[in-house]
Amino acid sequence: MKKKRIIIGAVSSMLVLTVSAGTWYLNQPCLIYHDFSFEYGKPISITKEEILIQEDLKRIKDFKIDLSDIKNEKDKEYPEVGNYECKVTYSKWFIPHTSSIQIQVEDTTKPKFSKFSDVVEIPLDSDQNYDFSSYFLAEDLSETSIQYKTEEVDFLNPGDYRMMIIASDTYGNSIEKECIVRVQYEKETSSPNKSAENEEGQSVVSSDPYYVQGIMVVNKKHGLPANYAPQENAEAGAKIRQLIADMQRQGYAISSSYSGYRSYTYQSSLYNNYVNSYGQAQADRFSARPGYSEHQTGMAFDLKHSNGTLVETTPEVNWIAAHAHEYGFIVRYPSGKETATGYMPEPWHLRYVGDQASAIYASGLTLEEYLGISGGGY
Ligand SMILES: [Zn+2]
């Protein structure tokens with residue numbers, strides 16, 4: 001009898017062990033992933049195939065993920081950014097189980113520019129509070145803000161300057177893009193009936209621009225009327241920016257900003273400042289009187305070194321002298337030609353002449369010599 005009791009006891013102990021081992025096995029979580037991450041703006045969807053091991057797919061019944069705690073954005077089909085814990089229920093071998101998964105909704109998408117101006121023209125004497133908002137628009141699912149980095153813009157001097165535009169969304173994603181801010185005089189409104197002398201008593205040109213072989217000539221013998229205000233020539237502007245970009249790509253120390261179009265009024269203030277500082281005779285050697293500046297044509301450009309000064313460094317000057325013609329430009333005031341051009345050498349000053357640039361370059365002549373026209377002093 002004693003023996004039998006022992007056997008029964010052993011058998012029942014084994015049974016208990018087996019049952020508990022089985023229960024332990026059945027209770028094992030059968031979810032393979034507990035953490036899910038979704039990009040903001042997409043609806044949440046998790047299927048049981050993504051969450052259960054293959055063998056469990058047939059055995060598990062009543063599988064359900066409770067997403068009711070996930071709050072959608074107002075009027076939207078996708079949830080707010082955040083972390084959500086969701087209850088998962090199912091039954092395996094008819095035993096109900098509860099587990100949970102973590103769902104993270106995050107925004108890693110950068111805003112996009114839906115409106116962008118590569119060149120923004122602003123009037124001289126604006127400042128960093130200038131309202132650029134009509135030129136740029138950024139879009140994103142969350143709210144975006146735009147920052148204008150105007151550190152490089154000289155609001156008090158006409159020219160082209162670089163500005164970075166940074167659009168950021170609510171979750172710290174941002175995108176940066178560069179544009180050109182063109183600081184310029186506002187378009188001239190002067191009437192052609194103006195008196196023949198300006199306030200400084202200098203003579204004012206009243207004739208139309210002088211053309212030879214299709215090239216507009218401006219030198220000390222041939223001027224432009226005060227109301228001639230064409231702004232920057234679009235073709236020439238595109239070419240000078242291409243030339244600058246090519247130089248930068250090749251590692252030359254050249255600035256993206258340059259000094260291009262100048263109105264009659266602006267040249268007038270420049271010249272008068274020089275006369276006050278250096279005297280008229282000296283000023284005439286390097287600065288044009290108003291109406292006689294090639295910059296008023298919108299086709300002349302002064303290139304700047306990356307340090308902001310006019311280009312005079314040998315590698316840059318040599319490259320410009322050898323390649324400017326490939327872009328339709330000539331170095332207008334070469335050294336040793338002051339009697340022909342009327343100006344001291346200016347290796348930075350380029351004049352757009354288009355197709356004829358290569359022929360002029362090959363001739364080794366100044367524009368005056370090439371066209372056989374008068375130049376030199378006033
Ligand atoms: Zn110049």
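Being a predicted model, the structure only gives us computed values, none of them experimental. All heavy atoms count here, side chains included; hydrogens, waters and symmetry mates do not. Every number for a ligand or one of its atoms is a count from 1 in the order of the listing.
Contacts classified as side-chain hydrogen bond (donor to acceptor under 3.5 Å, both in side chains) and involving residues 210-220 (residues at least two apart or in different chains) are given here: N219-E368.
Between Y274 and F286, the angle of the ring planes goes over 60°, which puts this pair in the perpendicular group of the 30/60° scheme.
Geometrically, K177 engages F116 in a cation-pi contact defined by less than 6.0 Å to the ring centre and at most 45° from the axis. Relative to the ring axis of Y378, R289 places its NZ or CZ within 45° and under 6.0 Å from the centre.
For the Zn ion (ligand 1), the nearby protein N/O/S atoms, meaning those under 2.8 Å, are H295 NE2, D302 OD1, D302 OD2, H349 ND1.
Residues meeting the side chain to side chain donor-acceptor pair (under 3.5 Å) test with T170, sequence neighbours left out: S142.
Membership of an apolar cluster is not assigned to Y361, as no side-chain contact below 4.5 Å to another ILVMFWY residue is traced.
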